[in-house]
Amino acid sequence: MGRFTTAMKDKKWRALNYIDLQAGPGKNRFSPSGDVMLGSPLLALTTRFAFDSLFLIEMGAQEFGALKARVGSSDLKVRAQLYNEDCNVAVNRIVNVISQVDGKFISGKWPSLNLAFLDPEGLEIQWQTVEKLAGLSRMDLIINFSTSGITRNAGLAANTEEDTSVDRFFGTRDWRSVYEDARDGGSTVVRRTLIDFYLGRLHDMGYVETKREEKEFKNQRNVQIYTMIFASKNDLGVKFWNGAVQEVRQPPLL
Ligand SMILES: C[S@@+](CC[C@H](N)C(=O)[O-])C[C@H]1O[C@@H](n2cnc3c(N)ncnc32)[C@H](O)[C@@H]1O
């Protein structure tokens with residue numbers, strides 16, 4: 001986030017926007033160390049060069065209350081808009097707000113440059129929400145891809161007649177045949193295949209393959225629980241991402 005705002009602050013973007021689809025309470029306590037670290041919305045609020053607008057969504061009542069109080073004590077609180085609702089609903093209003101700003105002609109100014117963070121616990125973020133974000137002209141995405149959420153649900157969902165959360169996550173039922181083909185290869189092949197399927201869907205929306213990167217995180221039993229995906233339509237975004245992930249020090253996960 002810091003690299004993003006630092007590098008882009010003097011360019012001709014009319015606004016630098018941050019969108020957090022699942023912001024959480026703003027701080028997290030890690031186990032077993034007990035260390036408290038800033039969550040994504042507060043990290044975004046405390047970059048050296050600030051975002052112009054921050055759109056922070058959190059559905060949980062308690063988490064939202066904590067987030068609101070924490071954001072409220074920031075000098076930059078007027079730049080933040082908070083939404084206590086399902087991100088799959090709130091995204092429509094946020095994209096409309098940004099589109100309206102982008103729709104006005106401003107001499108010498110480019111449209112807004114947007115960075116969205118998608119940090120679900122499982123499969124809550126529907127594909128139509130990703131599509132909605134991607135409809136904005138410049139939208140970089142950091143996606144916490146919940147591999148455990150997928151692998152926990154895929155077996156049952158693949159044979160369910162009605163639409164499932166996995167269908168809504170991928171925005172299609174085509175993943176089902178891809179999954180069936182990969183199944184005999186074991187869990188690593190299934191995981192890899194479904195991530196690639198998702199990346200292919202991003203690619204089809206203009207997030208070209210050479211311009212996205214993944215970072216894998218594992219728990220203490222060395223089981224992969226999520227993969228971080230960065231997707232940009234622009235080479236420069238990937239350059240920043242590559243630099244940023246090199247600095248990542250993973251906190252211990254249970
Ligand atoms: C993994 S946490 C987010 C952590 C946060 N990004 C951070 O860095 O600290 C996911 C959050 O999403 C919220 N949530 C779950 N489903 C949601 C939905 N459909 N829309 C918005 N928020 C949701 C949960 O209450 C939870 O606080």
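Counting starts at 1 for both ligands and their atoms, in listed order. Computed over heavy atoms, backbone and side chain alike; hydrogens, waters and symmetry mates excluded. For this chain, numbers begin at 1 and follow the sequence in order.
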Please list, chain by chain and in numerical order, all residues satisfying side-chain contact (heavy atoms from CB on, under 4.5 Å) with I106, sequence neighbours excluded. R14, K109

Element-labelled atoms of ligand 1 that are located less than 4.0 Å from some non-hydrogen atom of [X]:
X: S40; result: 5 (C), 6 (N), 7 (C), 8 (O), 9 (O)
X: A23; result: 5 (C), 6 (N), 7 (C)
X: E58; result: 11 (C), 12 (O), 13 (C), 24 (C), 25 (O), 26 (C), 27 (O)
X: G39; result: 7 (C), 8 (O), 9 (O)
X: L21; result: 21 (C)
X: N28; result: 7 (C), 9 (O)
X: E124; result: 15 (C), 16 (N)

Return the option from M37, Q126, Q22 holding the heavy atom at the smallest distance from atom 12 (O) of ligand 1.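 The residue whose heavy atom sits nearest atom 12 (O) of ligand 1 is Q22.
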
Using heavy-atom distances, let me know which of L38, L42, D86, L43 sits nearest atom 19 (N) of ligand 1.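 Result: the heavy atom closest to atom 19 (N) of ligand 1 is in D86.
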
Consider only side-chain heavy atoms of I, L, V, M, F, W and Y, link residues closer than 4.5 Å, and tell whether W110 and L115 are in one cluster. yes

E63 and ligand 1 - part of the residue with a heavy-atom distance under 4.0 Å: side chain

What protein heavy atom sits nearest atom 4 (C) of ligand 1, and how far away is it? D119 OD2, 3.2 Å

Side chain to side chain, L202 and L199, heavy atoms closer than 4.5 Å: yes

